[in-house]
Number of protein chains: 2
Amino acid sequence: MRTAQPDKRTRLIETATKLAYGRGFRETSLADIAEAARVPVGNVYYYFKTKEELAEAVVERRLDEFRAARAEWDRLGSPKERLLAFVGSVHANREQLARGGCPVGGLCSELHKEGGALAKKSATLFTEPIGWLQKQFRAAGHDKDSRELAMHLFSSFQGMAAVAHGANDPKVVVMEVRRLKNWINTL
Amino acid sequence: MRTAQPDKRTRLIETATKLAYGRGFRETSLADIAEAARVPVGNVYYYFKTKEELAEAVVERRLDEFRAARAEWDRLGSPKERLLAFVGSVHANREQLARGGCPVGGLCSELHKEGGALAKKSATLFTEPIGWLQKQFRAAGHDKDSRELAMHLFSSFQGMAAVAHGANDPKVVVMEVRRLKNWINTL
DNA sequence: GTCTATACCGAGATAGAC
DNA sequence: GTCTATCTCGGTATAGAC
């Protein structure tokens with residue numbers, strides 16, 4: 001059934017993603033999610049057997065968001081431009097990062113502690129972007145140290161998000177982004 | 001000390017700190033803490049009016065841990081040595097960082113989302129170390145950009161901890177620490 | 001397929017005996 | 001001061017009408 005609104009399953013995932021970003025997934029109750037998505041509570045279980053299954057869908061959704069951005073970046077002419085676009089998007093989202101931290105970082109850290117299948121799945125929130133970054137560095141001619149470079153870039157990103165959030169100050173993102181852009185340009 | 005048996009209060013805080021590090025504070029029940037600390041559940045409320053008050057004590061304890069380390073570093077002869085000692089301790093704890101993330105980073109991020117007084121208090125987990133780092137950079141002759149340098153160092157630390165934890169790989173710490181040591185030495 | 005009502009459990013917190 | 005027993009509430013999850 002297709003209405004003007006996205007279907008209920010999609011609405012639940014989107015709402016859960018949004019609410020979990022602000023409060024953490026565990027702290028967000030199914031009742032809250034269902035209400036905000038305008039779906040009766042009991043009905044959630046028609047779409048997801050357990051809350052954990054909903055968590056997996058949230059991870060999947062974050063991955064999709066990254067993939068959509070990646071698809072845009074991949075259209076750019078050179079690996080260096082693609083790396084700069086990645087860094088630029090971090091800068092563009094600095095206010096959000098300061099308010100709620102990194103959307104994938106927080107989720108990854110939280111679900112990692114749950115253990116089990118969820119821990120493994122959530123790790124792809126990091127490994128997939130890092131893999132893409134590594135590919136760009138390799139394409140830019142850095143064969144031997146592509147992994148180190150990718151890790152450094154992603155680690156810097158996670159760090160600035162954590163500090164911007166914890167100290168409630170988006171300025172650290174501005175400073176670090178400037179540093180990273182210089183660094184990329186001189187590679 | 002407000003009790004006839006200070007050991008229990010301390011035991012509760014230490015146990016809560018340890019358990020919260022592994023699973024997150026919110027996910028750790030008072031029952032679990034009390035049992036592990038060998039204190040009857042109901043008795044917890046003699047030492048802490050609410051769970052939130054216990055959280056504050058945990059933050060205080062993490063701050064004390066940092067202050068103890070800082071006291072050692074402050075004995076070193078030069079600011080540069082002190083900065084290198086800070087970075088060295090990160091390297092020494094890399095296995096732990098990969099297993100459970102940064103003890104202050106995770107706590108800060110989690111409590112920040114709770115809002116209220118706890119959010120403010122937890123921010124000092126970041127601001128106090130950053131302040132100390134800034135002081136070292138200033139003492140090393142970097143008057144104008146001491147804040148930027150301190151933020152960069154702390155942000156790098158948070159980033160490597162997040163990635164080491166999320167991707168389950170302590171190697172990123174080794175790589176980043178090497179980079180930071182070179183950076184400090186050429187300042 | 002969709003929704004209401006509810007079971008069930010574990011959490012934080014309290015009362016009060018000793 | 002210390003501990004046991006218990007209350008209450010909110011959470012996940014289920015049963016079953018429609």
Side-chain angles (χ1 to χ4, degrees), chain A residues 1-59 107 110-111 113-119, chain B residues 1-59 107 110-111 113-119 121-122:
Chain A
M1 171 184 72
R2 189 63 53 168
T3 64
Q5 291 188 328
D7 62 29
K8 293 190 181 175
R9 191 187 155 87
T10 306
R11 242 156 53 213
L12 283 170
I13 297 173
E14 281 174 359
T15 308
T17 304
K18 208 175 71 181
L19 292 183
Y21 174 55
R23 324 177 196 168
F25 184 76
R26 199 80 180 255
E27 276 55 63
T28 308
S29 74
L30 291 175
D32 290 341
I33 297 167
E35 190 190 358
R38 297 180 315 283
V39 171
V41 215
N43 201 1
V44 173
Y45 289 90
Y46 174 71
Y47 299 99
F48 305 96
K49 267 211 316 291
T50 63
K51 196 187 180 187
E52 185 169 330
E53 211 172 89
L54 176 56
E56 282 181 45
V58 168
V59 170
L107 193 62
E110 187 179 359
L111 299 182
K113 293 180 176 173
E114 302 257 315
L118 217 43
Chain B
M1 147 191 345
R2 346 199 298 217
T3 84
Q5 205 167 14
D7 267 13
K8 290 195 183 174
R9 191 188 154 88
T10 306
R11 242 157 50 215
L12 283 170
I13 297 174
E14 281 174 358
T15 308
T17 304
K18 209 176 70 181
L19 292 183
Y21 175 55
R23 323 176 196 167
F25 183 77
R26 200 79 180 256
E27 276 55 63
T28 309
S29 73
L30 291 176
D32 289 342
I33 296 167
E35 190 191 359
R38 298 180 317 282
V39 172
V41 215
N43 201 2
V44 173
Y45 289 91
Y46 174 71
Y47 299 99
F48 306 96
K49 267 207 318 289
T50 62
K51 196 188 180 188
E52 185 170 328
E53 210 172 89
L54 177 55
E56 281 181 46
V58 168
V59 170
L107 193 60
E110 186 179 1
L111 298 183
K113 293 180 177 175
E114 302 256 317
L118 217 42
K121 181 159 199 116
S122 68

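All of these numbers come straight from a predicted model, not from anything done at the bench. Only heavy atoms go into these numbers, but all of them, side chains included; no hydrogens, no water, no symmetry mates. In the text below, chain A, chain B and the rest are named by the order of the sequence lines, each starting its count at 1.
The side chain of B/P40 lies closest to D/dC3 when the candidates are D/dA13, D/dC3, C/dG1. Comparing C/dA13, C/dT2, D/dT2 by their closest approach to the side chain of A/Y46 singles out C/dT2. Closest to the side chain of A/L30, from the set C/dG1, C/dC3, D/dA13, is D/dA13.
Note on A/K49 versus A/E53: salt bridge recorded, some NZ/NE/NH1/NH2 to OD/OE distance being below 4.0 Å.
B/I33 places a side-chain heavy atom less than 4.5 Å from the side chain of B/L54. Residues A/F48 and A/E56 form no side-chain contact, since every pair of their non-hydrogen atoms from C-beta on lies 4.5 Å or further apart. Residues B/Y47 and B/N43 have side chains in contact (heavy-atom distance under 4.5 Å, counting atoms from C-beta outward). At a threshold of 4.5 Å between non-hydrogen side-chain atoms, the residues B/E27 and A/R26 count as touching.
Put simply, CD on B/E27 is 12 Å from P on D/dT12, counting in whole angstrom units. What separates CD of A/E35 from P of D/dG10 is a distance of 14 Å, to the nearest Å. Between B/L54 atom CG and C/dA13 atom P the separation is 10 Å, expressed in whole Å. Summarising the geometry, the separation between OH on A/Y47 and P on C/dT2 is reported as 4 Å, rounded to the nearest angstrom. To the nearest angstrom, P of C/dG1 lies 12 Å from NZ of A/K8. Taking atom CZ on B/R26 and atom C1' on C/dG12, their separation rounds to 11 Å, with Å as the unit. The interatomic distance linking B/D32 (CG) with C/dG12 (P) rounds to 8 Å, in whole Å. As rounded to whole Å, 12 Å separates atom P of D/dT12 from atom CD of A/E114.
Taking only side-chain nitrogens and oxygens, B/N43 comes nearer than 4.0 Å to OP1 or OP2 of D/dC3. Distances shorter than 4.0 Å separate none of the side-chain N or O atoms of B/Y45 from OP1 or OP2 on C/dT14.
Of the two residues contacting DNA chain D, namely A/S29 and A/K49, the nearest-nucleotide position lying further toward the 5' end is that of A/S29.
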